[in-house]
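First comes the structure, then the notes that go with it.
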Amino acid sequence: MTFILDPAEPTESPLLAGLNPRQREAVEYRGQALLIVAGAGSGKTSVLTRRIASLIDSREAWPSQILAITFTNKAAAEMRERVEALLGQAAQGMWISTFHSACVRILRREAEHFGYGKNFTIYDSADSRALIKRIIKQLEADAFGFTVGQVAGKISKLKNELSDVESYARGANFNDPQERIFLDIFREYTRSLSSANAFDFDDLIGQTVYLFRAFPAVAALYQRRFRHILVDEYQDTNHAQYALIRELTRSPQTDLLEGATGFDGSVLKDPTRPLDPASLTVVGDSDQSIYAFRGADIRNIVEFERDYVGAKVVLLEQNYRSTQNILSAANAVIGNNFDRIDKKLFTTVGDGEKIIGFTGYSQHDEAQFIADEITELHQQGVEYRDIAVFYRTNAQTRALEEIFIRSALPYRVLGGTKFYERAEIKDAFGYLIAVANPDDPMALRRIMNVPKRGIGGVTEATLQNWADREGVTLREAMRHADEMGFGPKITAAVLGLVAVLDEVSLVADTAPVPEILIALLERTGFVEALRATGNPQDEARAENVEELVAQTREYRVRNPEGTLLEFLTETSLVAAADELDDSSGTVSLMTLHTAKGLEYEAVFLTGVEEGLLPHQMSASEPGGPAEERRLFYVGITRARRRLYLSLAMTRAQFGDVSVAMPSRYLQEIPPELIDWRQSPGMATSRGGTQPRALNARREGFTGVGSGYERSSAPGATALARAARAAQPKTEWTNKVTGTVRDNGDLTLVAGDRIRHVDFGDGKVTAVTGVGPKSIAEVQFESAGRKRLLVKLAPIEKLS
DNA sequence: TCATAAAACCTTTTT
DNA sequence: GGTTTTATGA
């Protein structure tokens, strides 16, 4: 065997500089299909951008022949910047976007092929739900136990599997009234969308696939254009997205392109030359698959080699992000998922700090710890923007925000209650949509009586009936309001509104967005009406609308040619992570789902409790607990140097307090990796000494889990209880995390004196609630008035 | 038709 | 705890 020493070749491309051998291979491999299995923090974004840059740099591809799919718009923008930085020039014509944005772009261009207008509206989840609600009411399906959430979930699921009304009907059992009615709802929903010239989120993907399958000539155009397709976060693609990629990577039927026009408008030359299918690169990590609830199918990545025969697989396991302690914890946790290919992340940067654990008495206590630690970190020189706080559910932000405000910490909540979800903003958008797409009745209904014009439900129903009878749109019916026997005031109101809309519609394709919005607001008196009420909340709403005007102005500056339609598209597809502003000096708060793909110097993973992480709802889902574990894994691996895991012993939900137990996942982390500032074990009962772990857990379950038991079939509760009892006790009696404080049957009445570990001595002023949920209000001598859960607070009664 | 009040429902996670 | 739906009367 000969060893050839390989000194760095002088001619080596700078695009490969600093890459390890695996990464280089992923950049340089050329072939039909490439799967990059990229563990967390293994530099996959770097690999992807360099791969794109190298394709362009070597003249193997024009920028316009590249289609790269990312998970968020922000990731797309970042990738574009990085590619352009590598190439040292703008790479015009690359499509780097999310699945949804790419599909909207294709659909706007091709919608007219199948009966849609290019000015179609995109219904977000709230719009879809509003429509489904209307249909359920109209068909009186609520009597059969149909809820909006169920129906919306089922329709979304079907669409993600590329089912439509017909294909569903084929497999439906018509003897089952439930199924017949669901089919009616589904059919009506589909009909409503198409007559409104609207797509819902799932349609954007599904209808694009349909378009490609039904119109091979259209498909061929895109198959020919995109020669290199790259998909990031492939483990979270659903069946529809998978099918879309399959369609795009088919060999174009070149005979269909004869005489077709290319994207630059020129007639394609030599359309009959056979073309290879586009090359496909996918990047993913099945350990980070966390969107099964949205139809993501892990098989897409697991079976990639079967789907694309001859595919090359490259594994990236070296981690460039985190310390070894953080990685060891992550490896230990994910190792408990058994149906996976074992892979171990490693690093060369050393162990780093220990993970810090903290157990609060309440969620506020937990939040206070986090706030204190952040203050401390900031004093040590960590920027606020390098710190993130993660949680499982959006509801958890409340306690965090309260404490952060009190501690004067600058923070920003990603996702959550979005600006665009505010009623007044949706109203303003209602006007814009009504102008852009006159066929959309949802937008019209939303604004019909905003501001108040005296057009109520009765008037609206009369208009709708007239429209249905005449077979015209609601908008057209409004133009004939004088033929329906309304009073003079209502007639004038309807005609006035529709006149404004019609007039502004004329310039919808050409006028700048801010001008359109301002024209609508002024002519309808929307903002004025808000200001006139004298209600401070309405004043705030008016300011929000003004803020929207400012945003349209910004959009105009960013995008001088941008049309109303493009503005509406952009705003309907913003993701939570898109709101991140890297230059802001604030701590970021977000859900674990939003955190995917991001990284921070210091990460606080909060609410690591049974019922929350894993979430209660996941227990009844197949694969639920494993997916929750991956979610935990994703959270851990976001941290570069500092990781904090925190939980609370009690958590308030729906206004009442319940006992929380440490998450099972905490016990999967080797104890020596965690430095517990206050462990669940340390907080154990001062009042009683009996082993409480099992008792406490059961109480925790019945307390937090009442929702689960209520929704189960009658037999299921007993079964679940038996299953719980059968679990080995040892799983729960871990020295570190297995017990909670328990004051046993301690009862307090007003007037009792108590001593609290943190707050000192105090006097009980009132007791509310019964049994394990009783809460004492205590006036402390120095710490003020507090509300404490009698059963769990670190208190003792003074006699 | 609309304002106020009582009541119900809620909470996984998201493009 | 907070939003949203429904009931009631003006």
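Numbered from 1 within each chain, the chains take letters A, B, ... in sequence-line order.
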Next item on the list: Under 3.5 Å for both distances, Watson-Crick or G-U wobble, that's the pair rule; now give the dot-bracket for DNA chain C, with | marking pairs to another strand and [ ] for crossing ones.
Entry: .|||||||||
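A:Q396 has its CD atom 11 Å from the C1' atom of B:dT13, to the nearest Å. As rounded to whole Å, 16 Å separates atom C1' of B:dT13 from atom CG of A:L589. Separating the CG atom of A:L414 from the C1' atom of B:dT13 is a distance of 15 Å, rounded to the nearest angstrom.
Evaluation of the salt bridge (Lys or Arg N to Asp or Glu O under 4.0 Å) rule for A:E627 yields A:R630 as partners, not counting sequence neighbours. The side-chain hydrogen bond (donor to acceptor under 3.5 Å, both in side chains) check on A:R629 picks up A:N337, A:E668, with sequence neighbours excluded.
Centre separation under 5.5 Å together with a plane angle under 30° holds for the ring of A:H615 and the six-membered base ring of B:dT12, marking them as stacked. By the 5.5 Å and 30° criteria, A:F293 is stacked with the base of B:dT13.
Side chain to side chain, A:Q464 and A:R445 meet the donor-acceptor criterion of an N or O pair below 3.5 Å. A donor atom on one side chain and an acceptor atom on the other are found under 3.5 Å apart for A:Y123 and A:D440. Using a 3.5 Å distance cut-off with no hydrogens or angles, the side chains of A:T393 and A:Q396 do pair a donor with an acceptor. Donor-acceptor pairing under 3.5 Å is recorded for the side chains of A:Y411 and A:E401. In summary, the side chains of A:R108 and A:T569 do present a donor paired with an acceptor at a separation below 3.5 Å, with no hydrogens or angles considered.
Atom OG of A:S194 is separated from atom CD of A:Q207 by 9.0 Å, given to the nearest 0.5 angstrom.
The phosphate of B:dT14 (OP1 or OP2) has a side-chain N or O of A:N394 nearer than 4.0 angstrom. Between A:T591 and B:dT14 there is a side-chain polar atom (N or O) within less than 4.0 angstrom of OP1 or OP2. Taking only side-chain nitrogens and oxygens, A:T594 never comes nearer than 4.0 Å to OP1 or OP2 of B:dT13.
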I'd like a table of donor-acceptor pairs (distance under 3.5 Å, sequence neighbours excluded) in which one partner is a side-chain atom from residues 145-157 of chain A, with atom names and distances.
from: A:T147; atom 1: OG1; to: A:Q150; atom 2: N; distance (Å): 3.3
from: A:K154; atom 1: NZ; to: A:Y168; atom 2: OH; distance (Å): 3.2
from: A:S156; atom 1: OG; to: A:D202; atom 2: OD2; distance (Å): 2.9

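Separating the C1' atom of C:dT5 from that of B:dT12 is a span of 23 Å, rounded to the nearest Å. Annotation: C:dT4 and B:dT13 have their C1' atoms spaced 22 Å apart (nearest Å).
Aromatic pair A:Y210/A:F212: ring centres not closer than 6.0 Å.
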Show me the protein contacts with nucleotides 1-3 of chain B, counting only N or O atoms at under 3.5 Å.
from: B:dT1; atom 1: OP2; to: A:T459; atom 2: OG1; distance (Å): 3.4
from: B:dC2; atom 1: OP1; to: A:N449; atom 2: ND2; distance (Å): 3.3
from: B:dC2; atom 1: OP2; to: A:N449; atom 2: ND2; distance (Å): 3.3

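Between A:F429 and A:F567, the two ring planes are parallel [angle under 30°; tilted spans 30° to 60°].
In this structure, B:dT13 forms no base pair with any nucleotide, since neither Watson-Crick nor G-U wobble geometry is met with both distances under 3.5 Å.
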Item checked: Per-nucleotide protein contact string for nucleotides 1-10 of chain C (B base, S sugar-phosphate only, - none; heavy atom under 4.0 Å) -> BS--S-----
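Judged by distance alone with a 3.5 Å cut-off, a donor-acceptor contact links the side chain of A:R392 to the base of B:dT13.
Taking a 6.0 Å sphere around CD of A:E539, one finds it holds more than 12 heavy atoms contributed by other residues, nucleotides or ligands.
Nucleic acid contact for A:F71: none, since no nucleic acid atom lies under 4.0 Å from a heavy atom of the residue.
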